[in-house]
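For reference, the structure discussed in these notes is given below.
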Amino acid sequence: MSSSTDTGAASGDGMPSGVPNKEEDGKKEATKHTYKTGQDRASSGSNNTGQRQKKPREGEKQKQPPLSEQKQSASPGQKQPQPGQKQQQPGQKQQQSGEKKPSQQEDKQAGAQNAILKQQNMQKKGQGQGEGFASGQAQADGVQPTKSKAELRAERRLKQEAQRAAKSQKKSEASTAPASKSDSLRVPAKVLGDDPATQKREAKKLEKQNVPQRLSVKRKDPHFSHLRQYERELKLPACGTLHPDILRLGLEYFEGFLQGSNARALGLLAAFHEVILSYSTPQNKDLSRDLEARIKPYISFLDICRPLSVSMGNAIKFIKWQIAHVAHDVSDKEIDEYVRKIDLASSAIVNCSKSKLTDGDVVIVYGCSSLIYRILCSARKSVNFRVIVVDGRPRCEGKKMIQHMVKEGIKCSYTTISNVNYVMQEATKVLLGAHALMANGCVKSRSGTSLVIMEANANNVPVLVCCETYKFCEKSQADAFVFNELGDPDSLVKVGNRKSVLAQCQDNTNLFLVNLAYDVTPPELVSVVITELGMIPCTSVPVVLRKQAFSET
Amino acid sequence: MEIIRAEGKKLMAADPSESVVGNMVRRVLKIIREEYASGAKGVDSTDETDAQESLHNLLLAEGGVEDFSKSIPTLKASINESIGELLTELEGSAENVATQALEHIYGGDTIMTIGKSRTVLAFLKNAARKRSFNVIVAEGFPFLGGHDMALKLSEANIPTKVIPDADVFAFMPHVNKVIIGTHTVMADGGYVYISLMCSLSTRFKSFGVLVCAAMYKLSPQYFHSLDQEGFNKFANPQMLLPFEEMEGRESVEIINPVFNYVPPDCVTLYITNMGSNAPSYVYRLLSELYHPDDREL
């Protein structure tokens, strides 16, 4: 996967998607769920180039400096490319955004601005001091560039409030309805982080929707330049338009309070439930159009906080479909129905998989999956088994799982992914959750799952993957790199309360820390997938998908 | 020899999993045997006894001062000399392994390694003088030697990525070589290492798994992969799950083995300081290195 900025190549790389593309017209999305590959690519290609030709100037302007330049700017030759500088960037951007505003705003805004500027000044002062010291000292400072979480949050809240005030004023001046561009680009912009044109378009869209953008990181790993780079700083929105529930949800995603694709999807549904409850159709406007336009920025905001999971994508698709097909009255009941379906699905899976556990089983689980937890809890009542929780750094979700197990009184052991070979010899079953099942049968799950599965195969241990059908995805993926999420690279550096040797070398140009969220397991390694429809092989995913599409229309 | 043997046993008892100690004892024993044999030949050239024979005698006639006194003048010096040679060989072994680097790495390679190994570090650094390639380092929890390794590699101007152990699979398709160090090479050609690599390499047969191991790591022991307790040792469980982080921890069994046996079919090549060999040839190297009588100390 070399990073190509060439549009044609990039569109060839990406997969044709049936998942809602944010740039698409809502109507199209609702009616058409699947696209044919050939057309798809062709149209995306032509469209892309068309876009480019239209405004080559701007594209050029926005284009990020090529890699070599970036490297130069961060090269050791320069004076202290320290974390201090890194911090400066958000500050500067804030300033810019702050400067742009006053043209439209008044006293209230000024106050807010002052607050922001004050913060910046403080930050800068800190930096000034840091840079004033000898380089050794600066490095030592650099070890602790991030503030404590609470501080960060407080800071953000302050900013957010100020900006919200500003926003509401702005809104009263001119109620801007985020116009939806009818741009039928098929390659998800998600995987085109290396294409400046797409990036620019994304940025523009976000601006239009009044959703804050993430700052682009200076140094990108060439392997992953197509993915969105992780960033510790989230510039919180000028978001008068954002619903408070959405805002909270976004922050929860961002801080990692809400993890696991089920939990995230349910959180999303709950939030949208609130949104729809509090929504009333403005006069002389069409409900479906208006609501659709209303939730679009919400979705982009959530995506900015943390890239949407497949389950969330499907849930959003469902909501949009419902909105488009609702005549006049808003039906929050439909969402409840969807939530209930998810819940029912998982209890069906629990029942189904219980039959697969027998007395004396040694079950290996990886990480913490809500579904697996439910299965184990309910199976405990009738079956006597032992659990080995395998865990992987840096997320260490297994600790949560262990706590659950202890609470439930289930006999359990704990080990890390590197020792999975050792524990696999005594295991009789491997029970895993999934993030999504791709159309080609691949299992996408938290990174490390495929290692466990492979190890199980080497030891002839059956692998049971549990997954609700709403997490099935129309996309195919054969490679873990194309669609993935980059986690916080700094989390690799933290070892318990200590920091490892790598802490001091964040600006070493030869060193990249990579922290992938997901990996992809080929279907032939998985014995069976347990869904609410029963036990199926991985390769039946497209069948289920087709059936679902039928029942929907 | 008895003394050495006894001392060796003591040392090995201290940590049975460190087979290197035993290997060295064996090497020294072999040296004594050889030197005595050549000494015996030299001193009484009329005595045409087989070397093995005389050694056998030596063994039996442990108390016999006569046997020793006969050969002492040359023997002690030559033994010392040989041990000196052995020492220099050990010291130079990493470099010797490293000098072969260019035979195995080409420009644009993507190499994965795991944890920290001085031999591998020297190997990669050596190759980096001439060729440019990428290295992916899995961090090797809980010891996290990978961090140290990555730091040193990046200081040597090698583009390096650090990944958590869990991401190893995701990165596999992009790797064309795995180069790792080892703790011990077993007599059947399998090796013992900090976990994980084993079946990965079996699955992705398309690339080579090179194991850098100096000769002194070759051990005449056999182990079966199911008998992991035979050679393993367990590290502090605190490393995995800090005590203060959990209530009710006493009911949880925390498994933290240090080593892992990797069967020989997962290895393409052993790169030793005497050249590179296939795993199937390890037995032959062993018989050259150690005396058959010393297998069991």
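We name chains A, B, ... by the order of the sequence lines, and we start the count at 1 in each one.
- Ring pair A:F481/B:H174 is parallel by interplanar angle, where below 30° counts as parallel and above 60° as perpendicular.
- The CD1 atom of A:I402 lies 7.5 Å from the CD1 atom of B:I254; values are rounded to the nearest 0.5 Å.
- Between the side chain of A:D519 and the backbone N or O of B:A170, no donor-acceptor pair lies under 3.5 Å.
- Contact check for B:V162 versus A:L511: side-chain heavy atoms found under the 4.5 Å cut-off.
- The line from CG of B:D167 to CD1 of A:I417 is 10.0 Å long, rounded to the nearest 0.5 Å.
- A heavy-atom distance below 4.5 Å is found between the side chains of A:V514 and B:F171.
- In this structure, the portion of B:I158 lying under 4.5 Å from any heavy atom of chain A is its backbone and not its side chain.
- The two residues A:L451 and B:V168 make their nearest non-hydrogen contact at CD1-CB, 4.3 Å.
- For B:R131, the CZ atom counts as densely surrounded, since its 6.0 Å shell holds more than 12 non-hydrogen atoms of other residues, nucleotides or ligands.
- Between the CD1 atom of B:I163 and the CG atom of A:N515 there is a distance of 10.5 Å, given to the nearest 0.5 Å.
- The part of A:V520 that comes within reach of chain B is its backbone (N, CA, C, O), which places non-hydrogen atoms under 4.5 angstrom from that chain.
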